[in-house]
Amino acid sequence: MLALLAATLLVLVARPSLRGPADAAVIALLLTALFMAAESSQIHIEIGHQAWSVSLSELPFVLGLFLLPPWWLLLGRLVGAGVVFLLRRTAVATATFNLGLFAAEVAVAELLFQSLHPGAGLHPGDWLIAYLAMLLVAVLGAVAAPVAIALRQGRLTMSVFARVLPVVGLAGILNTTLALLSLLVLQVNRAALLLLAVLVAVVAVGYHAYQRLQRQHADLGRLFAFTQSVGAPETNDGVRSRLLAEAADLMQAEHAVFLPWADTDHQQLPVGAVVIPRGTRDPQLRAWLTRSGLRDALLVPLHDGGHTVGVLQVGNRIGAMSSFTQEDLRLLQTLTAHAEALRSNLRLLELRRHEAHHDSLTGLPNRALFLLRVDELLAAGPDHVPGSADRGAVMLFDIDRFREVNDTLGHQVGDLLLRQIGLRLQAAIPDDAIVARLGGDEFAVLLRRDVEAVTAMAMASDLASSLAEPLEVSGVLLDVAASVGVALIPEDGRGAAEVLQHADIAMYAAKRTTVKVARYDSDEDQSSVSRLALAGELRRAITTQLVAYFQPQMDLRTGTVVSFEALVRWEHPSRGLLLPDDFIPIAERVGLIGPLTSDVLGQALRACRAWLPEHPGVGVAVNLSARGLLDPTLTATVTHLLTETGVDPDLLTLEITETNVMADFAAALIALDDLRAVGLRLSVDDFGTGYSSLAYLTRLPVQEVKIDRSFVTAMKTSPDVAAIVRATISMCHTLRLTVVAEGVEDTNSLAVLTEMGCDTAQGYLLSRPLSPQSLAAWQRPLPYPLTPQPGWATRLRRPS
Ligand code: C2E
Ligand code: CA
Ligand code: CA
């Protein structure tokens, strides 16, 4: 259409003839060269995803208007541009459009020029005509190009049009001015054209420098925008897709894709980052372009953790006239490097996030994540309505006597065991549950389904029994048992912390049951609340409300009371008589066990001092807890109290449990040696309940062993247990240790123990722990038949 317009107009303006002034051919040749130079040194300005070319072409154009007949000018214009297009391998459609446009431009300019007849004198009026002609040409180009693009792309944006015009217009004015100056110079002194050429060259260089600067500026801006937009934490895939989008945008490319290394025929690919410009002369690269169906491309390798994982391929520069350059490649590399840095930052962040939410030993979710999940479940529905179903359950697992594994087999074995336990639980839970390690030997399972209390309890019990199968750790089979506390969601708590706390309370209750599984019970909670209150009151209670009760121990050969065990009670003004289990653990936790022990020791020794005149040789036993034993001031306190009361150290027995000793064997050994040096006796309490080993008994400076109540009770029904008790007594005797049987409640047991050779017995059969007042009333020596007869033991009891 443009060509048709050009031809029509030109025929109107001038008959088709190439005859002109004698030197027309020479001038045409020169102008053709100038057109070529202008076309090949054009600069591209990117506006709205399109590259707009601005060239010096108005310069030869205006010269031609003044110096050449129309057809000569047309020829020069078309040949000049055509040669450049050919050399550039410009796409046929683009070249055709441009040539048509150029022809139309020549025609329109000539029409104006011819109709206004400028004189040969180059007066200011003639200048105006030249400017007008070029303005017309600029408008034509600015209209035709967007229309052509719109025809191909189906949309026309006027804003682009508005932004293009000023740029093209400005260049036109500059070029026209230069042309007019050239013409004026030609009239005066042809040699001065050289000066103009220098000027033009400088302007051309200036153009390019400006373009480069502008381009870099814009690229920097987009690079900055990219870093800003993906600076916020995103997923790694997010970064990659952003990179692709940004790369295409920044490089003005039709597309950008990620070619995974595995899928790429990377044998064929050029190594490293390369730019393959349009019309590259390298035959291999050209073959690659053809195979890939691309005009031009940029290739940048993508790395991930030091390995090349693929190639970022940016293809087909938008805009017919330009192609990718080394500068584009550098920019793309910068962009890629930035994206890679972002990715590795994100990976670090993810790692950190994972670490913050997972336990490093087992890899399981940790307390923080578990609480989060519980809260999610709590938030997933309404508060609990009595009678309605629950949405889930928390089961808190505490491994029984885990500390002993750590202490006896070492922390490494302990760690391995915890890992195995984690795996066991993980394998045993259903799909809609998660397992977490809350810390230490505490694991928790969150069941996320509608569940009834009984079902949850049954599941908890099943999970606990999944742990019952021995676990192999470093070639050793270890038996594990767990106590489980169950709390329902949302019935048993308003927040995650509360649910977990309630499961914890249930877990402690479970420890006291035989089935080892318990559901949260708010009555239990009351006692736990009161326990907290007790902690506050305990400090004042020591020396005022704590009272040592005394339980007699009878020599089984003589039938006489040889000692009393001091058992502490708290005569609480409002709660009544509290037993040691209610407050000893609290005293340990709040650091009051030291004062408590001294208090009981003092009471015990003073009581002993008081009964000694009437019962010479009857000693007293005092219990020591784990922390009590390791109290560095203990030996000093004991020595002080012994001197103060004047009780023979030999009459004082300190009872320690195996677990207390095993908690820190080395330190306990030192403490025990110190105590032993004072001259008192040492006794192992609750023997048989820990990881009992007779072997370690030989290493402790003890004189007595107390067989745990549970054996004495079980002995009555189990011949096996009776055999164990008998063996223990005989082995202890081999080690020259005195044996005390605890918890003797019936005459039969007493008879059997006597027959087994047990030295001493203690239990309700003889007496319950006596308050100091009852003790004072109990003065006379006891009768002692040596051979137990039916009913004899009742006579042992003090008259009530
Ligand atoms: P223990 O050292 O094993 O004390 C024996 C416990 O068994 C006492 O419970 C006693 O009342 C109970 N008992 C005695 N004979 C029988 C019986 O025939 N049948 C049954 N079923 N039980 C019997 P108690 O007084 O409640 O003390 C519990 C634990 O508290 C003690 O266990 C001891 O470990 C600890 N304890 C008591 N007084 C003190 C103390 O002053 N300091 C420390 N650190 N711990 C103490
Ligand atoms: Ca004891
Ligand atoms: Ca005991």
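Keep in mind it's a predicted model, so treat the numbers as computed, not measured. Atoms within a ligand are numbered from 1 in the order they appear, just like the ligands themselves. All residue numbers in this chain count up from 1 along the given sequence.
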For this session: Look only at the side chain of T653 and the backbone of A621, and say whether a donor-acceptor pair between them is shorter than 3.5 Å.
Result: no

Seminar exercise, completed: Of F583, Y549, Y764, the one whose closest heavy atom lies nearest atom 23 (C) of ligand 1 is Y764

Exercise. Where does D685 meet ligand 1, judged by heavy-atom distances below 4.0 Å: at the side chain, the backbone, both, or neither?
Worked result: side chain

Problem set entry | Where ligand 1 meets E745 - atom numbers and elements under 4.0 angstrom, heavy-atom basis | 17 (C), 18 (O), 19 (N), 20 (C), 21 (N)

Problem set entry | Under-4.0 Å salt bridge between D492 and R519 | yes

For this session: Can you sort out which atoms of ligand 1 are near Q551, meaning under 4.0 Å from one of its heavy atoms?
Result: 14 (C), 15 (N)

For this session: Go through the side-chain N and O atoms of S771 and S774 and say whether any donor and acceptor fall under 3.5 Å apart.
Result: yes

For this session: Enumerate the atoms of ligand 1 whose separation from the nearest heavy atom of E565 is less than 4.0 angstrom.
Result: 2 (O), 4 (O)

Exercise. Any luck finding a side-chain donor-acceptor pair between D462 and S465 under 3.5 Å?
Worked result: no

Problem set entry | Per atom 33 (C) of ligand 1, closest listed option by heavy atom (D686, N623, L601) | N623

Exercise. Where on V600 is there a heavy atom closer than 4.0 Å to ligand 1, on the side chain, on the backbone, on both, or on neither?
Worked result: side chain

For this session: Number the atoms of ligand 1 from 1 as they appear, then name those within less than 4.0 Å of a heavy atom of I584, with their elements.
Result: 42 (N), 43 (C), 45 (N)

For this session: Check the angle between the aromatic planes of H502 and Y520 and answer parallel, tilted or perpendicular using the 30° and 60° thresholds.
Result: parallel

Exercise. Against heavy atoms of R709, which atoms of ligand 1 measure under 4.0 Å?
Worked result: 6 (C), 7 (O), 12 (C), 13 (N), 19 (N), 20 (C), 21 (N), 22 (N), 23 (C)

Seminar exercise, completed: Of all the N, O or S atoms in E655, the one nearest to the Ca ion (ligand 2) is OE1

Exercise. Do any N/O/S atoms of D685 come under 3.0 Å of the Ca ion (ligand 2)?
Worked result: yes

Exercise. Would you say R768 touches ligand 1, if touching means a heavy atom closer than 4.0 Å?
Worked result: no

For this session: Please identify which atoms of ligand 1 are closer than 4.0 Å to at least one heavy atom of E742.
Result: 3 (O)

For this session: Tell me, please, if D686 has any N/O/S atom, main chain or side chain, under 3.0 Å from the Ca ion (ligand 2)?
Result: no

Problem set entry | Distance-only side-chain donor-acceptor flag, D720 / S718, under 3.5 Å | no

For this session: Could you establish whether K706 and ligand 1 come within less than 4.0 Å of each other, counting only heavy atoms on the residue side?
Result: no

Exercise. What do you reckon, does Q762 put a non-hydrogen atom under 4.0 Å from ligand 1?
Worked result: no

Problem set entry | Pair E588-S625, side-chain donor/acceptor within less than 3.5 Å | yes

Problem set entry | Modelled atom types, side-chain donor and acceptor of E704 and S683, under 3.5 Å | yes

Exercise. Do K511 and D398 meet the salt-bridge criterion of a basic N to acidic O distance under 4.0 Å?
Worked result: yes

For this session: Indicate whether any N or O donor in one side chain lies under 3.5 Å from an N or O acceptor in the other, for E565 and Q551.
Result: no

Problem set entry | Between D631 and T597, a side-chain donor and acceptor under 3.5 Å | no

Problem set entry | Ligand-side contact atoms (ligand 1) for residue partner S625, heavy atom cut-off under 4.0 Å | 44 (N)

Exercise. Of the backbone atoms (N, CA, C, O) and the side-chain heavy atoms from C-beta on, which set of T597 has a member under 4.0 Å from an atom of ligand 1: side chain, backbone, both, or neither?
Worked result: neither

Exercise. Think R768 forms a cation-pi with Y764, using NZ or CZ under 6.0 Å from the six-ring centre and within 45 degrees of its axis?
Worked result: yes

Exercise. Once rounded to 10 degrees, what value does the angle at the Ca ion (ligand 2) take between OE2 (E565) and OD1 (N623)?
Worked result: 90°

Exercise. Is a salt bridge present between R609 and E644, judged by a nitrogen-to-oxygen distance below 4.0 Å?
Worked result: no

Exercise. Of all the atoms in ligand 1, which lie at a distance below 4.0 Å from a heavy atom belonging to P769?
Worked result: 11 (O)

For this session: Please determine if L579 has a nitrogen or oxygen closer than 3.5 Å to a nitrogen or oxygen of ligand 1.
Result: no

